[in-house]
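Contents: one structure, followed by commentary.
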Amino acid sequence: NSDFDISLKYYFKGIDRYNKAIANSLTFKSKFLDADEMSHYDLAPKTGKVKRDSTGKVVAIIPDSTSVHAQAFNIFMVPFSDFNAQINITKLKYNKLWLKDVNLKVTMLKDQTITVDTLTMKVAGGAIAMRGKFNGSNHEKIYFRSRIKFDQGDLGKMFLKLDHFGQDVVVNKNVKG
């Protein structure tokens, strides 16, 4: 049974009552969040071939045409507002993967950049930390620069938990480190 607390502050004009510029914000806190239970609904169109994981569950739909990507919605074509988000989840279950102490701090700016100030979590006996920046100010050259740190993670457990990243050439039996 999931629990969560959401706080959203949205300023339509981007200013407070004293006419000072202010960023919109979102705070999300949860002690236990079962994303599998909450996202049980499959709203994806049923066209193309399907890819299944080792249990037979559909994990991806491969479109019939590659032109779908070229026509896809690009969030960087929409004007951004200043926005801050902070997410803290003590236990998260997603696609049979258990994550602990998930913490995320993200900042979005009008110049069409999204900065991941902090993303930390515990998984597979270790910890993962990440920070980075999406830059979409040039719609023709959108990029993501990041740093990711893995600490004491068990690669064998990680491969098993992530279903070998959907492939069967490199499996947990062949990976050490």
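One-based numbering along the sequence shown.
- Put simply, Y11 and F80 are part of two different groups of oily side chains (I, L, V, M, F, W, Y) that touch within less than 4.5 Å, one to the next.
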**Request:** In sequence, state the C-alpha distance, the side-chain angles, and the governing distance for F32 and D3, and then conclude on side chain to side chain contact (heavy atoms under 4.5 Å, CB included).
**Result:** CA-CA 6 Å; F32 176 72; D3 73 319; 4.1 Å; yes
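- Rounded to the nearest 0.5 Å, atoms OG (S2) and CG (D34) are 5.0 Å apart.
- With 3.5 Å as the limit, one finds no donor-acceptor pair spanning the side chains of N24 and Y10.
- Residues L109 and I114 do not share a hydrophobic cluster, clusters being chains of Ile/Leu/Val/Met/Phe/Trp/Tyr side chains in contact below 4.5 Å.
- D101 has a carboxylate O that lies under 4.0 Å from a charged side-chain N of K122, or vice versa, which qualifies the two as a salt bridge.
- With hydrogens and angles ignored, the 3.5 Å screen pairs no side-chain donor or acceptor of S137 with any backbone N or O of D111.
- Summarising the geometry, atom NZ belonging to K149 is positioned 5.5 Å from atom CG belonging to D151; distances are rounded to the nearest 0.5 Å.
- When all heavy atoms of N84 and A23 are compared, the closest pair comes out as ND2-CB, 3.6 Å.
- The two residues D82 and K110 make their nearest non-hydrogen contact at OD1-N, 3.1 Å.
- Cluster annotation: F150 and L99 are assigned to the same hydrophobic cluster (Ile/Leu/Val/Met/Phe/Trp/Tyr, side-chain heavy-atom contacts under 4.5 Å, transitive).
- Partner L104 forms a side-chain contact (heavy atoms from CB on, under 4.5 Å) with one of T120, L119, T118 and no other, that one being L119.
- In this structure, the side chains of F83 and L26 come closer than 4.5 Å at one or more pairs of heavy atoms.
- Formation of a donor-acceptor pair under 3.5 Å by the T113 side chain with backbone atoms of F134 is not found in this model.
- Between D5 atom CG and S30 atom OG the span is 9.5 Å, to the nearest 0.5 Å.
- Closest non-hydrogen pair, K31 versus T90, comes out as O-CB, 3.3 Å.
- Taken from CD1 in I22 to OG in S81, the straight-line distance is 12.0 Å, to the nearest 0.5 Å.
- Here the CZ atom belonging to R131 is positioned 5.0 Å from the CZ atom belonging to R147, to the nearest 0.5 angstrom.
- At least one side-chain heavy atom of Q86 sits less than 4.5 Å from a side-chain heavy atom of N88.
- Residue T27 comes nearest to K29 through the heavy atom pair CG2-CE, 3.9 Å, listed as atom of the first residue, atom of the second, then distance.
- V106 and V102 fall within the same hydrophobic cluster, where Ile, Leu, Val, Met, Phe, Trp and Tyr residues are linked whenever their side-chain heavy atoms come under 4.5 Å apart, directly or through other members.
- For the atom pair D117 CG and K133 NZ, the distance stands at 10.0 Å (nearest 0.5 Å).
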**Check against side chain to side chain contact (heavy atoms under 4.5 Å, CB included), Y143 and N138** = CA-CA 9 Å; Y143 66 89; N138 178 352; over 6 Å; no
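- Summarising the local packing, CZ of F4 is surrounded by 12 or fewer heavy atoms from other residues, nucleotides or ligands at distances under 6.0 Å.
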